[in-house]
Colleague: 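The structure is given below, and queries will be raised subsequently.
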Number of protein chains: 2
Amino acid sequence: MIPAETHLQIGSLLFEGVDQIDLTGPFEVLSRIPNATCRIYAKTAEPVRDLRGLRLTPDAALADAPPLDVLHVPGGFGQEALMEDATVLDWIRRQVAGAHSVFSVCTGALLCGAAGLLKGRRATTHWSSFHLLPFFGAIPVNERVVVDGNWIFAAGVTAGIDGALRLAAELRGDDAARAIQLQIAYAPEPPFDSGTPESAPAAILEQVRRSVQGITAQREATARRLAARLGIAVPLAAR
Amino acid sequence: MIPAETHLQIGSLLFEGVDQIDLTGPFEVLSRIPNATCRIYAKTAEPVRDLRGLRLTPDAALADAPPLDVLHVPGGFGQEALMEDATVLDWIRRQVAGAHSVFSVCTGALLCGAAGLLKGRRATTHWSSFHLLPFFGAIPVNERVVVDGNWIFAAGVTAGIDGALRLAAELRGDDAARAIQLQIAYAPEPPFDSGTPESAPAAILEQVRRSVQGITAQREATARRLAARLGIAVPLAAR
């Protein structure tokens, strides 16, 4: 916990092709943390579109971001284009070095991995990219929210809400997180039980896997290339 | 269910002071419905800020929206300013008249009520405004998602995700909704049990109630004025 009187600078990374709820789910929670400023940063201050077309606009460019107490890295499809982008990777590394907490959501973990920050770290990501974590030296943990030191990893997409509540509790205590949970009426009742590869009907899993096959193959190629560059010996099971 | 080959126009209403996840939670689900277009409409095409400062930009102005198959009305604080806005209320009424489905999230229900569309309808809204539903002639139902004819009501804020999955199932069948649930990894694990007034610790409930007291009083005044105008006899219990 951080003393209530210490102001917190919370910053989320935004990019073209983000999965918007990786950003907006946590924003809903983090923007309600008492005595905190929650801002969105991107390579430039121009508006972008999420992977389904929602328009989002950063508050400022990366270069204009203050040193952050909390860095939030969402995922989606668009992180792929940033995984060899020196400006973005340098910014992430610099912010992580000074941050109190780092919060990765979904395939945001791959971007943090590309920055060389996951070596030896227990981590998680979206189920469709889970097998790629060892390419970045991470130890994959199949849980919805994984805490490793001052890092919090949320698995796929909507897990960002669960992870953000954990983060709010780490920063301001359990009761602050409970108050936010009540404000946002977060007592979920999914009408189906199909949110994980383990619970989804086999035919649905097969169909969704097929629909992301192209993207997964591309992610594998990038991960393989980066593993070589980062000098990571990929365990046999992940090859 | 609607035949798979029938294209669906889905439109969300955006306004200054919306609670962004009332819009973005459903967008995450609805934008994945097969053979559908998901667009955001506002009074003008200018960017707006949500109640915590997130910048959102509509795709087009209300006047440029096509006839919608699905109308999605989010809530927040900003709907209050629209509840006596003839342009917005007329647009809602016109779209509802032609829509296959109407989807209200959180205090979006109050805006639909202000348009005179909730008379005799089973409905829900955010817990802090639940007692105001009878002012619009609605029958309050204390459930997270309420289906009444071709209307779906989601209660507070994050309930929009649950409601949107129900809507996706109504439109394209259960398996389509299950596939979306798996894509967005919606298997929630809230770290606390504090998402409803019934489950939250009493002290937390009291604190959150106090924090929205001013807004609730303003909403009550508006509801009272509109009830008189709509010719609704408010039941004694709600006075």
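By convention in this document, chain letters (A, B, ...) are assigned in the order of the sequence lines, proteins followed by strands, and residues within each chain are numbered from 1.
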Colleague: Shortest non-hydrogen contact from C112(B) to S104(B)?
Modeller: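 Looks like SG-CB, 4.4 Å.
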Colleague: Could you tell me which non-hydrogen atom of P66(B) sits nearest to which non-hydrogen atom of Q95(B), and how far apart they are?
Modeller: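 For P66(B) and Q95(B), the tightest heavy-atom pair comes out as O-NE2, 3.1 Å.
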Colleague: Quick one: do L62(A) and L13(A) satisfy side-chain contact (heavy atoms from CB on, under 4.5 Å)? Show the steps, please.
Modeller: CA-CA 8 Å; L62(A) 297 186; L13(A) 177 66; 3.6 Å; yes
Colleague: State the CG-CD1 distance between L171(B) and I152(B), to the nearest 0.5 angstrom.
Modeller: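 The distance works out to 7.5 Å.
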Colleague: Quick one: what part of R209(A) sits under 4.5 Å from any heavy atom of chain B, side chain, backbone, both or neither?
Modeller: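 Answer is neither: R209(A) stays 4.5 Å or more from chain B.
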Colleague: Heavy-atom distance under 4.5 Å to chain A: side chain of P47(B), backbone, both or neither?
Modeller: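 When you check distances to chain A, no heavy atom of P47(B) falls under 4.5 Å.
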Colleague: Is the closest side-chain donor-acceptor distance between H100(B) and D69(B) under 3.5 Å?
Modeller: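 There is no such pair between these side chains.
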Colleague: Of the non-hydrogen atoms in D162(A) and P188(B), which two are nearest, and what is the gap between them?
Modeller: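 D162(A) and P188(B) have their closest heavy atoms at OD2-CA, 3.7 Å.
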Colleague: Could you point out which residue of T158(B), T196(B), T124(B) forms a side chain to side chain contact (heavy atoms under 4.5 Å, CB included) with R144(B)?
Modeller: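 Between R144(B) and the candidates, side chain to side chain contact (heavy atoms under 4.5 Å, CB included) is satisfied uniquely by T158(B).
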Colleague: Which atoms of I40(B) are under 4.5 Å from chain A, going by heavy atoms: the side chain, the backbone, both sets, or neither?
Modeller: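 For I40(B), the contact with chain A is made by the side chain alone.
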Colleague: Less than 4.5 Å to any heavy atom of chain B: does that hold for the side chain of R39(A), its backbone, both, or neither?
Modeller: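 When you check distances to chain B, no heavy atom of R39(A) falls under 4.5 Å.
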Colleague: Is it the backbone or the side chain of Q207(A) that comes under 4.5 Å from a heavy atom of chain B, or both, or neither?
Modeller: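 Only the side chain of Q207(A) comes within 4.5 Å of chain B.
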Colleague: Between L23(B), I204(B), V208(B), I161(B), which residue shows the highest count of heavy-atom pairs closer than 4.5 Å to chain A?
Modeller: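 Going by pairs under 4.5 Å, I would pick I204(B).
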Colleague: With chain A as the partner chain, list the residues of residues 15-22 of chain B whose heavy atoms fall under 4.5 Å from it, by residue number, and write 'none' if nothing qualifies.
Modeller: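 Heavy-atom contacts from residues 15-22 of chain B to chain A are D19(B), Q20(B), I21(B).
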Colleague: Restricting to non-hydrogen atoms, name the atom on T125(B) and the atom on C106(B) that form the minimum distance, rounded to 0.1 Å.
Modeller: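 Taking every non-hydrogen atom into account, OG1-O, 2.8 Å.
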Colleague: Salt-bridged, E170(A) to R166(A), with N to O below 4.0 Å?
Modeller: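 Salt bridge absent between E170(A) and R166(A).
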Colleague: Which atom pair, heavy atoms only, marks the closest approach of F136(A) to L132(A)?
Modeller: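 Smallest heavy-atom distance, with atoms named: CD1-O, 3.4 Å.
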Colleague: Specify the closest pair of heavy atoms between A4(B) and R172(B), including all atoms of both residues, with the distance to one decimal.
Modeller: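 In this case the closest contact between A4(B) and R172(B) is CA-NH1, 3.6 Å.
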Colleague: When only heavy atoms count and the cut-off is under 4.5 Å, which of residues 176-185 of chain B reach chain A?
Modeller: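 The residues closer than 4.5 Å to chain A, in numerical order, are A177(B), R178(B), A179(B), Q181(B), L182(B), Q183(B), I184(B), A185(B).
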Colleague: Tell me whether D59(A) is salt-bridged to R49(B), with the criterion being a basic N under 4.0 Å from an acidic carboxylate O.
Modeller: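 Yes, this pair counts.
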Colleague: Do the side-chain N and O atoms of Y41(A) and D64(A) include a donor-acceptor pair separated by under 3.5 angstrom?
Modeller: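 No, because no side-chain N or O of Y41(A) sits under 3.5 Å from a partner of the opposite role on D64(A).
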Colleague: So which of V145(A), V212(A), V157(A) has the biggest tally of heavy-atom pairs under 4.5 Å with chain B?
Modeller: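 Of the candidates given, the most pairs with chain B belong to V157(A).
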Colleague: Tell me which of these, G156(B), G163(B), A200(B), P190(B), has more heavy-atom pairs under 4.5 Å with chain A than the rest.
Modeller: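 Among G156(B), G163(B), A200(B), P190(B), the one with the most close pairs to chain A is P190(B).
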